[in-house]
Amino acid sequence: MDVDISRIQLLIRTLEQRASLSVVDQVLENSVLTHLDIEPPATLYSAHKEALFVRHACDALDDITFGARAGLEFSSSSSVTAYISKYSRDLKQVLENTSRFHGIIDPALAFSLRVSGNSASLEADWKDPSFSRYHRRTEFLLFASIARMRDLTQVQLYPIEIRFQHDVGQRADAFEKIGGFPVTFGAERLEVILSLPTLETPIPTYDPSLRAHLLEYGERLLSERRSPKQQTRAQVEGLITRSMPGGIVLAEEAALQLGLSSRTLARRLADEGTSYREIVEDLRCDLAQTFIKNGMHLSEISYALGYSDQAAFSTAFKRWTGQAPTAFRKRVSHPLSRS
């Protein structure tokens, strides 16, 4: 699954401002990227590698807010959706376009605009749930959406609130300080809340004839585009993630929700080179490290990952990484892989 090259170019520029070239090269290497992958004539690159880059950059800087900071620097893109937005009438029309066409540039994430009462919500939904584990990239994308709105309107607008589904423990204040607006973690939905007057903010570059032409082109791209077939693993990861915090959906229940027999689910996962147990272990290991970096207490992490007590979690963590979670917290410099 590929995304527009402009995002990684921004991330690299932002990292270069805060780290040496050797650190940048190491982050690229850890993300399985090379300079050739992101230089002309390349226009797209892997969304998973983007997620890894943001994660490893945060680790290299020891700053979980790097993705959010970089997001606020985002300004432009050369995608068809960017041009449709550029020639739209007002911000509401921009967000309606985003809801319609965003899948062209990022098939893993869908947006929908909902207007009710005294506010509007730009709600995000993972079409590929395997991306929901990448908290730093999620923060980058939503903060980038604010930067994009500001660039299009040429107004320093502020949302009422940004809401994330994941938790960052005591770090929430750092994100609010960066943005200058309320940021909530552990929310029910992933969304940006805007005031109704904000939706009426005009776009200075509005051109109805150009917009009509681009809309026609965008609709043609949508009609020709095939939705990427989601792997069974990604579907299972989504079910497991949604069952948290406090529990892990059993394989039998997951199969039922996917409309499969337990045997068929096991066979499909085996065809993808994995098993239900491996997915649970991998997801728990990955999220445990992220939660520790987020500053969450070990008791909170134990509960979130579905362990009966902290001792059970600590035993599992040591099995995955070779060290106790308390030791990992003291020396987090890069994610560790489960052995």
Side-chain angles (χ1 to χ4, degrees), residues 3-4 6-18 27 47 50-77 79 81-82 85 91 94-95 98-99 102 105-106 108-113 119-126 131-169 171-187 189-195 198 201 290 293-295:
V3 293
D4 189 88
S6 62
R7 299 206 304 225
I8 190 66
Q9 292 169 342
L10 166 66
L11 287 164
I12 290 174
R13 288 196 304 271
T14 306
L15 182 58
E16 287 174 341
Q17 293 169 6
R18 300 182 57 187
V27 171
E50 174 180 82
L52 290 175
F53 185 93
V54 182
R55 171 184 284 184
H56 290 305
C58 289
D59 293 339
L61 297 171
D62 191 24
D63 178 10
I64 70 167
T65 67
F66 167 79
R69 292 177 188 274
L72 284 179
E73 299 299 320
F74 189 77
S75 59
S76 62
S77 168
S79 67
T81 55
S85 296
L91 188 59
V94 167
L95 300 183
T98 300
S99 300
H102 188 263
I105 59 171
D106 191 345
L109 189 64
F111 285 99
S112 57
L113 177 64
S119 64
S121 167
L122 181 64
E123 186 175 332
D125 179 53
W126 293 110
F131 282 91
S132 64
R133 68 163 73 185
Y134 297 116
H135 298 173
R136 306 290 82 87
R137 178 178 186 260
T138 304
E139 293 150 5
F140 168 67
L141 293 177
L142 258 65
F143 273 77
S145 72
I146 301 301
R148 185 68 180 132
M149 292 180 206
R150 291 172 174 175
D151 182 63
L152 287 166
T153 60
Q154 293 299 296
V155 172
Q156 189 72 2
L157 57 82
Y158 289 86
I160 294 174
E161 185 179 18
I162 287 186
R163 296 173 182 168
F164 294 98
Q165 293 167 306
H166 62 269
D167 205 339
V168 294
R171 309 287 188 89
D173 288 349
F175 288 89
E176 292 194 352
K177 186 176 180 180
I178 292 167
F181 46 77
V183 182
T184 297
F185 291 89
R189 287 186 291 270
L190 178 61
E191 58 187 339
V192 177
I193 308 298
L194 300 164
S195 68
T198 298
T201 308
T290 298
K293 294 170 190 173
N294 287 0

**Request:** Go through Thr198 and Leu91 one step at a time and tell me if the side chain to side chain contact (heavy atoms under 4.5 Å, CB included) criterion holds.
**Result:** CA-CA 7 Å; Thr198 298; Leu91 188 59; 3.7 Å; yes

**Request:** Might you work through the side chain to side chain contact (heavy atoms under 4.5 Å, CB included) test for Lys293 and Asp59, ending with a clear yes or no?
**Result:** CA-CA 9 Å; Lys293 294 170 190 173; Asp59 293 339; 3.1 Å; yes

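- Ring centroids of Phe181 and Phe143 are separated by less than 6.0 Å, placing the two rings close together.
- Counting only distance, with no hydrogens or angles, the side chain of Arg150 and the backbone of Gln156 share no donor-acceptor pair below 3.5 Å.
- Ser195 and Ile160 get closest at one heavy-atom pair: N-CD1, 3.6 Å.
- Annotation: the span from Thr65 atom OG1 to Ile178 atom CD1 amounts to 3.5 Å, rounded to 0.5 Å.
- With hydrogens and angles ignored, the 3.5 Å screen pairs a side-chain donor or acceptor of Ser79 with a backbone N or O of Ala82.
- Residues Leu113 and Ser99 share a closest heavy-atom pair of N-OG, 3.2 Å.
- Of the possible polar contacts, none joining the Glu176 side chain to the Pro182 backbone as a donor-acceptor pair under 3.5 Å is found.
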**Message:** Assess the residue pair Asp151 and Phe74 against the criterion (side chain to side chain contact (heavy atoms under 4.5 Å, CB included)); give the C-alpha distance rounded to whole Å, side-chain angles, the decisive distance to 0.1 Å, and a yes or no.
**Reply:** CA-CA 8 Å; Asp151 182 63; Phe74 189 77; over 6 Å; no

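- When all heavy atoms of Val3 and Ala47 are compared, the closest pair comes out as CG1-CB, 3.8 Å.
- We find the OG-CG distance between Ser112 and Leu122 to be 7.0 Å, quoted to the nearest 0.5 Å.
- Closest heavy-atom contact between Leu152 and Val94: CD1-CG1, 3.8 Å.
- In this structure, Arg136 pairs ionically with Glu139, as a charged nitrogen and a carboxylate oxygen lie closer than 4.0 Å.
- In terms of the salt bridge (charged side-chain N to carboxylate O under 4.0 Å, His left out) criterion, residue partners of Asp63 (sequence neighbours excluded) are, by chain and number, Arg18, Arg69.
- Judged purely by distance below 3.5 Å, without hydrogens or angles, the side chains of Glu73 and Thr14 never pair a donor atom with an acceptor atom.
- With values rounded to the nearest 0.5 angstrom, Glu191 atom CD is found 8.0 Å from Glu161 atom CD.
- Closest approach of Ala147 to Gly71, counting heavy atoms only: CB-O, 3.3 Å.
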**Request:** Output, in order, the C-alpha distance, side-chain angles, deciding distance and verdict of ring-ring contact (aromatic ring centres under 6.0 Å, His included) for Phe185 and Phe175.
**Result:** CA-CA 10 Å; Phe185 291 89; Phe175 288 89; 5.1 Å; yes

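- A heavy-atom distance below 4.5 Å is found between the side chains of Leu109 and Trp126.
- One distance of note links CD of Glu50 with OH of Tyr134; it measures 11.5 Å at 0.5 Å rounding.
- The nearest pair of heavy atoms linking Val168 to His166 is CG1-CD2, 3.9 Å.
- The structure places CD1 of Ile162 at 10.0 Å from CD1 of Ile193, a figure rounded to the nearest 0.5 Å.
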**Prompt:** Would Arg7 and Leu141 count as a side chain to side chain contact (heavy atoms under 4.5 Å, CB included) if you check the C-alpha gap in whole Å, the side-chain angles of each, and the deciding distance to 0.1 Å?
**Reply:** CA-CA 9 Å; Arg7 299 206 304 225; Leu141 293 177; 3.8 Å; yes

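- Salt-bridge check for Asp4 with Arg148: failed, with every basic side-chain N at 4.0 Å or more from each acidic carboxylate O.
- Within the 4.5 Å cutoff, side-chain heavy atoms of Val192 are placed close to those of Leu142.
- Between Arg137 atom CZ and Arg55 atom CZ the span is 12.0 Å, to the nearest 0.5 Å.
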